[in-house]
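Data block below; observations after.
A, B, ... follow the sequence lines: proteins, then strands. Residue 1 opens every chain.
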Number of protein chains: 2
Amino acid sequence: MRSRIEDVAAAAGVSMKTVSRVLNHEPNVREETRDRVTRAVEQLQYKPNLSARSLAGQRSYVVALVYNNPSRNYLMEVQSGMLEACRANHYNLVLAPVGCGKQRTADDIKGLFEYFGPDGVVLIPPLTDDNVVLTYLEEHEVPFACIAPRNPEKRIGVMMEETAAVLELMAGLIALGHRRIGHIKGPRTHGACQWRYAGYREALRKAGIAYDTGLVTQGEFSFDSGISGANRLLDLAEPPTAIFAANDDMAAGVIRAAGERGLVVPRDLSVCGFDDTPIARHIYPALTTVRQPTSEMGRLATLELLERIRTPGAGRMVHVEPTLLFRESTRPPSGR
Amino acid sequence: MRSRIEDVAAAAGVSMKTVSRVLNHEPNVREETRDRVTRAVEQLQYKPNLSARSLAGQRSYVVALVYNNPSRNYLMEVQSGMLEACRANHYNLVLAPVGCGKQRTADDIKGLFEYFGPDGVVLIPPLTDDNVVLTYLEEHEVPFACIAPRNPEKRIGVMMEETAAVLELMAGLIALGHRRIGHIKGPRTHGACQWRYAGYREALRKAGIAYDTGLVTQGEFSFDSGISGANRLLDLAEPPTAIFAANDDMAAGVIRAAGERGLVVPRDLSVCGFDDTPIARHIYPALTTVRQPTSEMGRLATLELLERIRTPGAGRMVHVEPTLLFRESTRPPSGR
DNA sequence: CTGTTAGCGCGTTCAA
DNA sequence: TTGAACGCGCTAACAG
């Protein structure tokens with residue numbers, strides 16, 4: 001039979017409450033008493049019962065990862081980072097996919113709280129900027145942390161300087177001699193894409209290259225939208241010599257589209273992506289891209305969330321660094 | 001404030017116990033009483049408290065997905081299927097990564113039960129065939145379901161006729177005219193790879209092609225191991241005209257290795273993979289491969305597990321169908 | 001600094 | 001077919 005807190009109390013010669021205090025790192029316990037309890041806990045291999053703890057303590061010890069429709073890779077990475085942080089803090093992770101559309105979103109988020117009653121949630125793009133979700137959380141005063149939100153100054157969580165990263169990426173392209181650089185944007189609902197687009201424009205401005213609306217087209221993060229975006233750009237009278245896609249999947253689509261037109265990357269066209277997902281390395285030519293420490297971001301966001309859960313108002317927006325990876329898909333323009 | 005079972009009882013004019021019976025679909029409740037309770041539940045928007053329920057009922061309403069080191073894609077798919085089944089049955093899903101090595105595995109699995117006390121677990125390859133885990137589960141009489149185990153007849157869960165699928169895939173290759181077909185095996189610990197290898201050999205036998213040990217090499221499911229495996233095969237005095245890799249990542253590696261040697265796929269070399277992960281479609285040329293309904297397999301395995309949790313001895317091994325996808329990476333041999 | 005008492009919300013036993 | 005009383009294992013409020 002499993003040992004209970006009562007057994008530990010008996011073994012240590014103290015009351016249940018004192019054991020509870022030690023386990024929860026509460027103050028007001030003499031050092032020596034604390035030691036005695038700790039030893040008893042180890043001797044009896046005592047593990048607290050989660051359900052009893054939640055029931056009595058009015059907390060679930062659950063944090064939820066709320067998501068909508070991110071790339072599976074991104075989700076997996078964030079999740080594994082969160083899992084790490086949760087385990088380290090004796091929290092449980094619940095996955096909370098929410099449906100699309102305002103009503104479905106509202107229903108699902110409501111269901112999440114009715115059923116699991118998480119102590120807090122982590123939001124990832126594109127849901128980080130979803131008003132239905134944000135409103136619910138704020139009204140119900142639920143602690144939450146965001147990854148890559150559109151308005152970082154109002155939130156806690158994690159962000160990366162995406163604009164700066166793109167600026168550097170674009171500077172690399174420009175240094176290679178490219179002046180007609182196309183851009184395939186990510187979904188409009190995805191806050192971070194604004195930062196990537198901003199970096200694109202800013203880089204052109206800095207280099208004194210005029211912004212050409214025709215060189216920018218809307219994508220939706222999928223491989224197929226990369227193909228169609230590339231086709232639109234390459235159909236131009238004066239096509240770009242380089243294309244920066246807002247994520248790797250679309251960049252892979254660009255490479256495919258180029259190939260189907262008989263263009264060889266990078267000889268005839270340079271291509272950049274964003275995220276450094278596995279495909280970036282597996283595709284030929286390997287993609288020049290920007291690595292986000294996605295898993296680490298999940299971990300850090302969770303840590304900030306737990307801070308806020310423990311003490312209201314605590315927690316902040318932490319920053320992580322991008323890594324630029326110049327690989328095979330970029331080269332000076334051929335000057336065809 | 002949230003309504004409790006007591007409120008529902010009052011509203012319906014019955015005792016708590018009767019409400020409990022209705023909620024848990026227990027027998028011995030008059031139809032009319034049941035209706036009254038159901039209506040009260042809806043009116044009060046009553047949701048049972050998970051912690052209280054677990055505490056009193058001595059069950060966690062948790063199933064764990066126990067895994068070791070599968071490809072992230074595979075894991076994600078299984079997970080999403082399991083999540084679906086869990087939600088539909090008011091169960092909670094806990095992710096339980098376990099470390100490598102006998103000791104770590106044992107510790108982690110022990111920790112999982114001490115902490116979460118799941119009512120059952122689902123095992124995925126390569127952990128489905130891990131003796132440390134299996135022994136623990138059997139000794140502690142924990143219900144578990146397996147995905148693609150080596151000994152399906154002894155387990156409940158889900159499997160696919162992998163051998164048959166490979167047989168068909170190979171038959172396709174042979175029909176194209178290939179007679180020297182290489183194979184890059186998956187990790188030895190991965191039970192399913194035995195089935196794939198068996199299919200490879202059986203197909204050759206059926207076609208009257210002599211088995212050549214030199215044409216089979218060991219891989220480990222990674223892109224890089226696909227590259228090195230391909231290099232070993234292509235270095236042969238009489239290299240293969242087609243290579244069947246035991247998964248898509250390795251097949252992608254084969255395409256890369258071929259490219260680096262100046263071979264064009266499929267003109268100079270045909271390539272097949274297994275799994276139909278996203279890369280199969282995104283790579284050029286698109287991979288001929290076998291699709292596993294991975295997410296569905298996760299869902300079905302969970303359903304069987306829940307059966308067994310409810311009634312000991314229940315649950316069975318269900319079968320799902322593979323889908324063959326002949327795409328761009330296969331073609332008749334050129335006869336260089 | 002420590003202990004006592006009273007629930008948290010539900011399932012279960014046993015009697016009616 | 002139904003209900004009353006007890007207890008799951010823990011934390012919170014208060015008393016010492």
Side-chain angles (χ1 to χ4, degrees), chain A residues 1-38 40-41 44-62 90-92 113-117 119 309-310, chain B residues 1-38 40-41 44-62 90-92 113-117 119 309-310:
Chain A
M1 221 44 220
R2 255 180 104 120
S3 54
R4 297 157 307 158
I5 203 171
E6 196 184 327
D7 306 328
V8 177
V14 297
S15 74
M16 282 168 55
K17 180 59 199 168
T18 302
V19 177
S20 173
R21 271 193 269 262
V22 172
L23 293 172
N24 296 304
H25 306 101
E26 282 172 38
N28 296 337
V29 181
R30 221 191 321 162
E31 196 56 40
E32 189 235 306
T33 313
R34 191 180 293 275
D35 283 356
R36 251 198 354 266
V37 171
T38 310
V41 165
L44 296 176
Q45 298 236 60
Y46 169 75
K47 312 285 172 201
N49 178 312
L50 263 184
S51 307
R53 195 181 246 204
S54 308
L55 183 59
Q58 321 265 47
R59 302 187 270 166
S60 59
Y61 293 94
V62 161
H90 291 289
Y91 258 76
N92 189 7
F113 281 92
E114 285 174 349
Y115 192 65
F116 290 109
D119 295 336
I309 288 174
R310 285 195 196 103
Chain B
M1 222 42 221
R2 259 180 102 120
S3 53
R4 296 157 308 158
I5 203 170
E6 196 183 328
D7 306 327
V8 177
V14 297
S15 75
M16 284 169 54
K17 177 59 201 170
T18 302
V19 178
S20 173
R21 272 194 268 263
V22 173
L23 293 173
N24 296 307
H25 306 101
E26 282 172 37
N28 296 339
V29 181
R30 221 190 321 161
E31 196 57 39
E32 189 235 304
T33 314
R34 193 180 290 278
D35 283 356
R36 251 198 356 263
V37 171
T38 312
V41 165
L44 295 175
Q45 298 236 59
Y46 169 76
K47 311 284 171 201
N49 177 312
L50 263 182
S51 307
R53 195 180 246 206
S54 308
L55 183 59
Q58 321 266 45
R59 303 187 268 167
S60 60
Y61 294 94
V62 161
H90 292 289
Y91 259 76
N92 189 9
F113 282 92
E114 284 174 348
Y115 192 64
F116 289 109
D119 294 336
I309 289 174
R310 285 194 195 104

> Counting only side-chain N and O atoms of Thr33(B), is one of them less than 4.0 Å from OP1 or OP2 of dT2(D)?
Replying inline: yes
>> Check the phosphate of dG3(D) against Thr18(B), side-chain N and O only, distance under 4.0 Å to OP1 or OP2. Yes or no?
In response: yes
>> For the backbone of Val62(A) and the side chain of Asn92(A), can you confirm whether one donor and one acceptor N or O come within less than 3.5 Å of each other?
In response: no
> Can you name the residues that form a ring pair (Phe, Tyr, Trp, His ring centres under 6.0 Å) with Phe116(A), not counting sequence neighbours?
Replying inline: none
Value in whole Å for how far the [atom2] atom of [N] lies from [atom1] of [X]:
| X | N | atom1 | atom2 | result |
| --- | --- | --- | --- | --- |
| Asn28(B) | dT12(C) | CG | C1' | 15 Å |
| Arg2(B) | dC10(C) | CZ | C1' | 13 Å |
| Leu55(B) | dC8(C) | CG | P | 13 Å |

>> Minimum heavy-atom separation for Tyr91(A) and Tyr115(B), please, with both atom names.
In response: N-OH, 4.2 Å
> When the C1' atoms of the five terminal pairs at each end define the local axes, what inter-axis angle does the helix from dC1(C)-dG16(D) to dA16(C)-dT1(D) show, to 10 degrees?
Replying inline: 30°
> In the 5'-to-3' direction, what one-character label does each nucleotide of nucleotides 10-16 of chain D receive under the scheme B = base within less than 4.0 Å of a protein heavy atom, S = sugar-phosphate only, - = no such atom?
Replying inline: BBBB---
Side-chain donor-acceptor contacts of residues 16-23 of chain B below 3.5 Å, not counting sequence neighbours, with atom names and distances?
| unit_1 | atom_1 | unit_2 | atom_2 | d |
| --- | --- | --- | --- | --- |
| Thr18(B) | OG1 | Ser15(B) | OG | 3.3 |
| Ser20(B) | OG | Asn24(B) | ND2 | 3.4 |

Which atom pairs, donor and acceptor, lie under 3.5 Å between side-chain atoms of residues 44-54 of chain A and protein residues at least two apart or in another chain?
| unit_1 | atom_1 | unit_2 | atom_2 | d |
| --- | --- | --- | --- | --- |
| Asn49(A) | OD1 | Ser51(A) | N | 2.8 |
| Asn49(A) | OD1 | Ala52(A) | N | 3.0 |
| Ser54(A) | OG | Leu50(A) | O | 2.9 |
| Ser54(A) | OG | Arg59(A) | O | 3.3 |

> For residues 26-38 of chain B, which residue pairs qualify under side-chain hydrogen bond (donor to acceptor under 3.5 Å, both in side chains), counting only residues two or more places apart or in two chains?
Replying inline: Glu32(B)-Arg36(B)
